[in-house]
Amino acid sequence: MWNVYVNNYVIVFVFLCIGILLPVGALTIGRFLRPHVPSEAKQTTYESGNNPFHDSRVQFQVRYYMFALLFVIFDVETVFLYPWAVAYNKLGLFALVGMIIFVLMLVLGLVYAWKKKVLQWM
């Protein structure tokens, strides 16, 4: 029993090492293989040779970020609904009630966003 327990941690440790070493190794090899020819033109804001004529920072309205966050929230909802729908026959009434509560909470959030006029694009 102890061997199986330790074996699980060894597998996790090996995957952790691979997950760290592969990106670090790829970036290190890329650093040595890439051409390194620094010039003054490359240090400017744009490498195309055009001088910037105004500030590059542009302010966006918070509404766009809120719209994107709501999209992500409802997109993640489908990730939770799909496995539940696939295994619905095995889960029973308890899972149905739990999913109804989950969907109702999302609907309440959608109604709240609608009342705050977050969903209006312009």
Side-chain angles (χ1 to χ4, degrees):
M1 186 70 166
W2 177 256
N3 191 17
V4 174
Y5 182 73
V6 172
N7 192 22
N8 289 336
Y9 280 103
V10 169
I11 291 171
V12 170
F13 179 73
V14 167
F15 275 107
L16 182 68
C17 289
I18 289 172
I20 291 172
L21 290 177
L22 278 177
V24 170
L27 290 172
T28 304
I29 290 170
R31 182 176 182 171
F32 290 121
L33 292 178
R34 71 177 180 224
H36 182 68
V37 184
S39 68
E40 191 172 322
K42 289 184 179 180
Q43 301 299 324
T44 62
T45 306
Y46 301 103
E47 289 186 21
S48 63
N50 296 335
N51 292 328
F53 51 87
H54 60 79
D55 192 14
S56 62
R57 292 178 292 168
V58 178
Q59 289 185 349
F60 290 100
Q61 291 185 8
V62 175
R63 201 175 306 166
Y64 298 124
Y65 296 110
M66 294 298 293
F67 200 85
L69 284 174
L70 284 173
F71 172 76
V72 169
I73 288 170
F74 286 103
D75 196 36
V76 169
E77 171 196 1
T78 60
V79 172
F80 289 120
L81 282 175
Y82 184 73
W84 173 80
V86 169
Y88 174 71
N89 288 335
K90 297 177 185 175
L91 296 176
L93 185 63
F94 182 73
L96 177 65
V97 172
M99 192 53 66
I100 289 173
I101 292 171
F102 176 69
V103 171
L104 284 176
M105 289 174 61
L106 288 170
V107 168
L108 285 175
L110 182 64
V111 169
Y112 178 76
W114 194 297
K115 293 288 185 185
K116 289 288 190 174
K117 299 186 180 182
V118 173
L119 299 175
Q120 292 180 354
W121 190 253
M122 290 295 199

* For Ile29, check side-chain contact (heavy atoms from CB on, under 4.5 Å) against everything at least two apart and list the hits. => Leu33
* To do: Can you sort out the partners of Ile73 under side-chain contact (heavy atoms from CB on, under 4.5 Å), two or more places apart, ordered by chain and number?
  => Leu106
* Mind checking the CG-CG spacing from Leu16 to Leu21? Nearest 0.5 Å is all I need. => 9.0 Å
* Partners passing side-chain contact (heavy atoms from CB on, under 4.5 Å) against Lys115 (at least two apart in sequence or in another chain) -> Val111
Review item, side-chain donor-acceptor pairs of residues 82-97, under 3.5 Å, at least two apart:
{"residue": "Trp84", "atom": "NE1", "partner": "Ala95", "partner atom": "O", "Å": "3.4"}

* Asked: Do Val24 and Phe32 belong together in a cluster built from hydrophobic side chains that touch within less than 4.5 Å?
  -> no
* Asked: With Val12, which residues qualify under side-chain contact (heavy atoms from CB on, under 4.5 Å), at least two apart?
  -> none
* To do: Using the rule that two of Ile, Leu, Val, Met, Phe, Trp, Tyr join whenever any of their side-chain heavy atoms come within less than 4.5 Å, decide whether Phe74 and Val72 are in one cluster.
  => yes
* To do: Check the hydrophobic clustering (I, L, V, M, F, W, Y; side-chain heavy atoms under 4.5 Å; chains of links allowed) and say if Tyr112 and Val103 are grouped together.
  => no
* Asked: Do the side chains of Val76 and Phe80 get nearer than 4.5 Å, heavy atoms only?
  -> yes
* **Heavy-atom pair with the smallest gap, counting every atom of Leu70 and Ala113** => CD1-CB, 3.7 Å
* Asked: Who passes ring pair (Phe, Tyr, Trp, His ring centres under 6.0 Å) against Phe15, sequence neighbours left out?
  -> none
* To do: Rounded to the nearest 0.5 Å, what's the gap from CG on Asp75 to CG on Leu69? Could you check?
  => 12.5 Å
* Asked: Out of curiosity, does Leu104 fall in the hydrophobic cluster containing Leu81 (side-chain heavy atoms, cut-off under 4.5 Å, transitive links)?
  -> yes
